[in-house]
Protein chains: 2
Amino acid sequence: MKQSLSLDAHGVMTIGQMCEAFDVTPRTLRFYEQRNLIAPIREGQRRLFTARDRARLKLILRGKRFGFSLDDIQELLELYDPQDGQRRQLAATLERAVERLAAMQAQRLELDAAIDELKGQIGLVERMLADRGRAEAAE
Amino acid sequence: MKQSLSLDAHGVMTIGQMCEAFDVTPRTLRFYEQRNLIAPIREGQRRLFTARDRARLKLILRGKRFGFSLDDIQELLELYDPQDGQRRQLAATLERAVERLAAMQAQRLELDAAIDELKGQIGLVERMLADRGRAEAAE
DNA sequence: GCTTACGCTTACGTTCACGTCAAGTGATTG
DNA sequence: CAATCACTTGACGTGAACGTAAGCGTAAGC
């Protein structure tokens with residue numbers, strides 16, 4: 001039973017494989033590494049991207065689609081692997097996560113409203129087209 | 001019966017009033033005008049923003065929160081006032097609107113997934129804190 | 001009549017998120 | 001062995017979305 005994705009025995013991927021899999025450029029991945037958004041391991045000079053990197057990249061790209069900045073995403077990522085054992089840190093992380101959640105739920109409401117509006121608008125244009133059709137047929 | 005918003009008898013607002021109402025800078029409004037996203041009327045040199053400008057600005061700001069570029073938003077705005085009588089144009093507008101709608105519905109699905117994930121993550125961190133609490137209590 | 005507030009244009013500066021060379025390093029391949 | 005990949009590290013360039021500073025106009029209020 002083979003994997004469908006191209007990854008070696010240890011589940012790591014090269015930069016090229018990553019680029020293909022996620023449709024990004026090498027520059028983007030190096031940039032994200034420099035920003036400490038991902039942390040591929042090094043085999044000599046070369047980067048090897050682990051499952052953790054892939055999971056984080058997914059979150060990064062999704063965050064971008066929601067209009068978050070890389071700074072925002074940085075924070076978001078910290079919510080997804082609490083790397084510290086400090087209780088104080090954990091509590092702070094939790095608090096920010098709850099805030100994020102509220103923000104995302106608000107965004108969801110807005111998005112729903114926007115969708116409804118657009119639907120209404122589409123209905124309007126459709127009726128305009130229909131009227132136009134009948135007017136032309138009446139000539 | 002007076003208006004709560006500060007606008008004159010004709011329902012127009014100055015740039016300063018707009019900035020206060022929408023929490024943007026004058027520069028932003030002038031920039032949007034230059035990009036033809038809004039079209040305030042002129043009283044001499046000064047700009048006067050109409051209800052139409054305000055409606056469009058709302059859409060602009062909402063679009064930005066969803067991660068749309070100003071170019072995207074430009075297109076979106078055209079969906080909301082079909083200014084041309086050309087049937088061909090209307091049909092094209094309609095088509096783009098339907099595409100947008102699909103995109104926004106997809107984004108909605110993604111957002112829901114993201115919200116669920118974050119909720120799960122919050123639950124995890126909460127349990128970590130609870131365990132930590134019990135561990136400390138056991139000492 | 002002078003200041004203060006508000007607004008205008010022009011134009012250069014800045015930040016973010018990369019794009020785009022340039023020059024070099026191994027590893028395979030004909 | 002030369003060439004070709006795939007990858008590396010700088011370093012400078014770029015487009016989008018404004019920020020910011022300079023210099024000017026005008027109307028209100030003291």
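The chains referred to below are lettered A, B, ... by the order of the sequence lines, with proteins before strands, and numbering in each begins at 1. Quantities reported herein were computed from a predicted structural model and do not represent experimental measurements.
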Participant: Under a 4.0 Å threshold between the charged nitrogen and the carboxylate oxygen, would D112(A) count as salt-bridged to R108(A)?
Facilitator: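 Answer for the salt bridge query: yes.
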
Participant: Counting heavy atoms not belonging to E110(A), are there more than 12 under 6.0 Å from its CD?
Facilitator: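 Yes, the 6.0 Å shell around CD holds more than 12 heavy atoms from other groups.
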
Participant: Does D53(A) use its side chain to pair, donor to acceptor, with the backbone of T50(A) at less than 3.5 Å?
Facilitator: yes

Participant: Hey, does the side chain of T28(B) come within less than 4.0 Å of dG19(D)'s phosphate (OP1/OP2), counting only N and O?
Facilitator: yes

Participant: Just how far, in rounded Å, is P of dG19(D) from CZ of F31(B)?
Facilitator: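 One finds 10 Å between P of dG19(D) and CZ of F31(B), rounded.
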
Participant: dA17(D) C1' sits how many Å from R65(B) CZ, rounded?
Facilitator: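 It works out to 17 Å between those atoms.
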
Participant: Look at E117(A) together with K58(B) and state whether they make a salt bridge at an N to O cut-off of under 4.0 Å.
Facilitator: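 No, E117(A) and K58(B) are not salt-bridged.
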
Participant: Is the number of heavy atoms from other residues, nucleotides or ligands within 6.0 Å of CD (E20(B)) greater than 12?
Facilitator: no

Participant: Between C1' on dA17(D) and CZ on F68(B), what's the gap in Å once rounded to a whole number?
Facilitator: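 So the CZ-C1' distance, F68(B) to dA17(D), works out to 17 Å.
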
Participant: Donor-acceptor pair, T93(B) side chain versus Q89(B) backbone, under 3.5 Å?
Facilitator: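 Yes; judged by distance alone, with no hydrogens or angles, the pair exists.
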
Participant: Please tabulate the protein-to-nucleotide N/O contacts below 3.5 Å involving nucleotides 9-11 of chain D, giving atom names and distances.
Facilitator:
residue	atom	partner	partner atom	Å
dT9(D)	OP1	R42(A)	NH1	3.0
dT9(D)	OP1	R42(A)	NH2	3.0
dT9(D)	OP1	R47(A)	NH2	3.3
dT9(D)	OP2	R47(A)	NH1	2.7
dT9(D)	OP2	R47(A)	NH2	2.4

Participant: For G16(A) and K64(B), take the nucleotide of DNA chain D holding the closest heavy atom to each; which residue's nucleotide lies nearer the 5' end?
Facilitator: G16(A)

Participant: Between P on dC18(D) and CG on D71(B), what's the gap in Å once rounded to a whole number?
Facilitator: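 Atom-to-atom, D71(B) to dC18(D), this comes out as 12 Å.
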
Participant: Specify the separation, in whole Å, of atom CD of E43(A) and atom P of dA6(D).
Facilitator: 17 Å

Participant: With both distances kept under 3.5 Å, what pairs with dC30(D), Watson-Crick or G-U wobble?
Facilitator: dG1(C)

Participant: Would one find a side-chain N or O of Y32(B) under 4.0 angstrom from OP1 or OP2 of dC18(D)?
Facilitator: yes

Participant: With side chain to side chain contact (heavy atoms under 4.5 Å, CB included) as the criterion, how do L61(B) and D23(B) come out once you've worked through the C-alpha distance, each side chain's angles and the decisive distance to 0.1 Å?
Facilitator: CA-CA 10 Å; L61(B) 297 178; D23(B) 192 33; over 6 Å; no

Participant: Need two values: the first and the last nucleotide of DNA chain C, 5' to 3', having an atom under 4.0 Å from any heavy-atom of chain A.
Facilitator: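 Contact boundaries, 5' end first: dA17(C) to dT20(C).
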
Participant: Throw together a table of side-chain donor-acceptor distances under 3.5 angstrom for residues 118-126 of chain B, partners on residues two or more places apart or in other chains.
Facilitator:
residue	atom	partner	partner atom	Å
Q121(B)	NE2	L79(A)	O	3.4

Participant: Could you list, one pair per line, each protein nitrogen or oxygen that sits under 3.5 Å from a nitrogen or oxygen of nucleotides 27-29 of chain D, together with the distance?
Facilitator:
none

Participant: Want to settle it: does F49(B) or L70(A) sit nearer the 5' end of DNA chain C, counting the closest nucleotide to each?
Facilitator: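 Closest to the 5' end, via its nearest nucleotide, is F49(B).
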
Participant: R100(A): which residues meet the side-chain hydrogen bond (donor to acceptor under 3.5 Å, both in side chains) condition with it, sequence neighbours left out?
Facilitator: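 Listed in chain order: nothing, the list is empty.
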
Participant: Are any of the side-chain nitrogens in D81(B) or R56(B) under 4.0 Å away from the carboxylate oxygens of its partner?
Facilitator: yes

Participant: With sequence neighbours excluded, what pairs up with D71(A) under the side-chain hydrogen bond (donor to acceptor under 3.5 Å, both in side chains) test?
Facilitator: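 So D71(A) forms a side-chain hydrogen bond (donor to acceptor under 3.5 Å, both in side chains) with R35(A).
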
Participant: Could you give the CD-to-P distance, from Q34(A) to dC12(D), as a whole number of Å?
Facilitator: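 After rounding, the gap between these two atoms is 14 Å.
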
Participant: OP1 or OP2 of dC18(D) sitting under 4.0 Å from any side-chain N/O of T25(B)?
Facilitator: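 For T25(B), the contact criterion (side-chain N or O under 4.0 Å from OP1 or OP2 of dC18(D)) is not met.
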
Participant: With no hydrogens and no angle check, is any side-chain donor or acceptor of D116(A) less than 3.5 Å from a backbone partner on A113(A)?
Facilitator: no

